[in-house]
Amino acid sequence: MNKLQKSFYLREDVVQIAKELLGKYLFTDLNNDGVTGGIIVETEAYAGVIDKASHAYGNRRTTRTEVMYMEGGVAYVYLCYGIHSLFNIVTNVKDIPHAILIRGIKPVEGFEVMLKRSAKPKMNDKIGIGPGNVSKILGIHFSQSGESLTGNSIWLEDRGLKILFSKVISGPRIGVDYAGKDASLPYRFRISL
DNA sequence: CGGCCGATCCACT
DNA sequence: GTGGATCGGCCGA
């Protein structure tokens, strides 16, 4: 197993890391349900205090956003629209609140458990598409915000899958119209597998 | 302390 | 293509 180590998350270029996350494997082992996970196929970068789309814009610190100020390599999970837990990966060093939203995975392990969590009738590659669905099928809850990504509950692996940069589609982020000109930054990355 | 609203999803037309 | 579900956190009073 080639688990991504702390050093991967501590680098300063959050946009670069967001791109590199495509093709990496995201796994969870929670609630004694066994290992579940898949290949990351869509990400969005949130570039900290200067990014109006980020919860940490303007160095805003609250109980919720404090997790983003932790040293890279932890999960930032928060509730959206009262229903969905959205899973983010915190990067950069302590006090630099960078984060990457995982918007989609392609399931590879623990199909039965993920299908059950999704409450969908049948399995397909779409059950992991959408940031709310990612957390849902992986069993991630916003109470897990701050959880380490180098432990045994939630982690990432590099299994040697190569992504052609020519196949990576970039574009503006979703649902951030309120962010002024930052809304048009090409911080969203995805691939089709 | 109360009101507002969001980095969404799904069922329905 | 559209609107309803649903609730914790943020902000202003």
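To find a chain, count down the sequence lines: A is the first, B the second, and so on, and within it residues start at 1. Keep in mind that this is a model prediction, so the values were computed, not measured.
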Given [options], the nucleotide with the shortest approach to the side chain of [X]:
X       : options                 : answer
L79(A)  : dG8(C), dA7(B), dC9(B)  : dG8(C)
R64(A)  : dT8(B), dG9(C), dC10(B) : dG9(C)
F142(A) : dC9(B), dA7(B), dG8(C)  : dG8(C)
I83(A)  : dT6(C), dA7(B), dC10(C) : dT6(C)

*For the pair K24(A) and E157(A), find out whether any cationic side-chain nitrogen is under 4.0 Å from an anionic carboxylate oxygen.*
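So K24(A) does not pair with E157(A) through a salt bridge.
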*Carboxylate-amine/guanidinium proximity below 4.0 Å for R117(A) and D33(A)*: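 Judged by the 4.0 Å cut-off on N to carboxylate O distance, R117(A) and D33(A) do form a salt bridge.
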State whether [X] places a side-chain N or O below 4.0 Å from either non-bridging phosphate oxygen (OP1 or OP2) of [N].
X       : N       : result
R60(A)  : dC11(C) : yes
T62(A)  : dG9(C)  : no
H55(A)  : dA7(B)  : yes
K120(A) : dC10(B) : yes

*Mind checking N133(A) for me? I need base, sugar-phosphate or nothing, with any heavy atom below 4.0 Å counting as a touch.*
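Counting heavy atoms under 4.0 Å across all strands, the contact made by N133(A) is with sugar-phosphate only.
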Atom-pair distance ([atom1] on [X]; [atom2] on [N]), nearest Å:
X       : N       : atom1 : atom2 : result
K126(A) : dA11(B) : NZ    : P     : 15 Å
I137(A) : dC10(B) : CD1   : P     : 11 Å
Y81(A)  : dG9(C)  : OH    : P     : 17 Å

*Mapping K136(A) and G175(A) to their closest nucleotides on DNA chain B, which lands nearer the 5' end?*
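The answer here is G175(A).
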*Inter-nucleotide C1' distance (dC5(B), dG3(C)), Å rounded*: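 The answer is 16 Å between these two C1' atoms.
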